[in-house]
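A quick write-up on the structure given underneath.
Every chain is numbered from 1 and lettered A, B, ... according to where its sequence line falls, protein lines coming before strand lines. Reckoned from all heavy atoms, side chains included, excluding hydrogens, waters and symmetry mates.
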2 protein chains.
Amino acid sequence: MSIREDQVKALANETRIEVLRVLTDPARYFSAQESADPVKFGVCVHLLAAHFEVSQPTMSRHIELLKRAGFIQAKRQQKWTYCSRNEAALTDYANWLKASLSIQDA
Amino acid sequence: MSIREDQVKALANETRIEVLRVLTDPARYFSAQESADPVKFGVCVHLLAAHFEVSQPTMSRHIELLKRAGFIQAKRQQKWTYCSRNEAALTDYANWLKASLSIQDA
DNA sequence: TTGACAATTAGCATATTTGCTATATGTCTA
DNA sequence: TAGACATATAGCAAATATGCTAATTGTCAA
């Protein structure tokens with residue numbers, strides 16, 4: 001499976017898309033996170049699980065797929081894994097999609 | 001299922017992505033089509049099936065999904081169904097994806 | 001070093017996707 | 001009208017995706 005296929009598949013799920021969305025504004029959704037500043041460090045897996053009302057292992061797998069696609073990075077800090085968007089990878093993907101499908105500008 | 005979900009799912013398959021790709025240059029891949037000019041009218045389903053070496057019903061379903069996503073249009077003409085890209089829908093989708101995920105410019 | 005908590009991994013059930021063949025429908029021509 | 005050919009639909013099998021619970025691993029603090 002190529003990185004591009006991983007990326008395309010990663011976006012083929014509503015929950016994962018929503019994860020990328022809420023991570024654009026961690027302050028808005030995860031101000032309850034006390035272990036670390038959600039804006040500076042990212043959001044930990046169990047808070048994401050709680051937000052989307054899925055089990056923690058389920059969110060863990062979604063995060064794994066988003067990581068494999070390169071769309072988020074996750075850094076372990078003490079007992080938490082803080083997730084944040086990889087803006088460069090998202091931009092790169094959007095540009096690849098447009099170019100590879102020869103999609104014209106608006 | 002929303003149109004956006006249909007679109008995201010439609011792209012989550014390598015064959016369907018390739019269909020959109022080859023339809024950018026029908027002259028290159030489908031000059032053998034004699035019933036109608038592949039550039040002006042589009043490419044018929046069975047030639048697409050032959051090109052990708054899948055059965056005709058399988059290609060028919062892929063086309064159906066691409067149609068539901070709005071990415072291609074298919075017009076029946078005599079016994080053929082000519083498929084062509086819907087550039088406006090593809091552009092719209094690419095723009096939506098960028099905006100909806102807050103993806104920055106390159 | 002034990003207990004609590006976050007995260008991951010394993011294993012399973014269910015749903016969805018994707019391919020096929022067989023069959024039906026549509027369209028034209030001999 | 002019978003046939004040939006393009007397409008669509010139905011139905012099935014295999015693969016993949018997605019959710020869960022249970023169990024394991026990692027980290028820290030009492």
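- Distance CG (B:L66) to P (C:dT17): 14 Å, rounded to an integer number of Å.
- Nucleotide C:dT9 holds its P atom 12 Å from the CG atom of A:L65, rounded to whole Å.
- The shortest side-chain heavy-atom distance between B:L90 and A:Q104 does not fall under the 4.5 Å cut-off.
- With A:N95 contributing its side chain and A:T91 its backbone, the two residues share a donor-acceptor pair below 3.5 Å.
- Nearer to the 5' terminus of DNA chain D, by closest-nucleotide assignment, is the contact made by B:S60 (compared with the other of B:K9 and B:S60).
- In plain terms, the two heavy atoms of A:C83 and A:I72 that are nearest each other are CB-CD1, 4.1 Å.
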Problem set entry | Full working for side-chain contact (heavy atoms from CB on, under 4.5 Å) between A:V22 and A:F52 | CA-CA 10 Å; A:V22 297; A:F52 289 103; 4.0 Å; yes

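- The closest side-chain heavy-atom distance from A:R4 to A:V8 is not below 4.5 Å.
- A donor-acceptor pair under 3.5 Å is formed between the side chain of A:Q33 and the backbone N or O of A:A36.
- In this structure, CD of B:E14 is placed 12 Å from P of C:dT18, rounded to the nearest angstrom.
- When side chains are defined from C-beta on, A:K75 does not count as touching A:T81, because their heavy atoms never get closer than 4.5 Å.
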For this session: Quick one: do B:Y93 and B:N86 satisfy side-chain contact (heavy atoms from CB on, under 4.5 Å)? Show the steps, please.
Result: CA-CA 11 Å; B:Y93 171 75; B:N86 183 339; over 6 Å; no

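- Not counting sequence neighbours, A:F41 has no partner by the ring-ring contact (aromatic ring centres under 6.0 Å, His included) test.
- Nucleotides of DNA chain D that come within less than 4.0 Å of any heavy atom of chain A span, from the 5' end to the 3' end, D:dA17 to D:dC28.
- Here salt bridge (Lys or Arg N to Asp or Glu O under 4.0 Å) pairs that include residues 78-89 of chain A, with residues two or more places apart or in two chains, are A:R85-A:E87.
- Within the 4.5 Å cutoff, no side-chain heavy atoms of A:L47 are placed close to those of A:Y29.
- Contacts with DNA chain D (heavy atom under 4.0 Å) in residues 23-34 of chain A: none are found.
- For DNA chain D, the neighbouring residues in residues 42-52 of chain B, judged by any heavy atom under 4.0 Å, are B:C44, B:V45, B:H46.
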For this session: Treat primed atoms plus P, OP1 and OP2 as sugar-phosphate and everything else as base, then score nucleotides 19-30 of chain C 5' to 3': B for base contact with protein heavy atoms under 4.0 Å, S for sugar-phosphate contact only, - for none.
Result: BBBB----SS--

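- If you measure from atom CD of A:E5 to atom C1' of C:dT17, you get 14 Å, rounded to the nearest angstrom.
- Of the charged side-chain nitrogens involved, at least one lies within less than 4.0 Å of a carboxylate oxygen, so that A:R21 and A:E18 count as a salt-bridged pair.
- A donor-acceptor contact shorter than 3.5 Å links the side chain of B:R16 to the backbone of B:K9.
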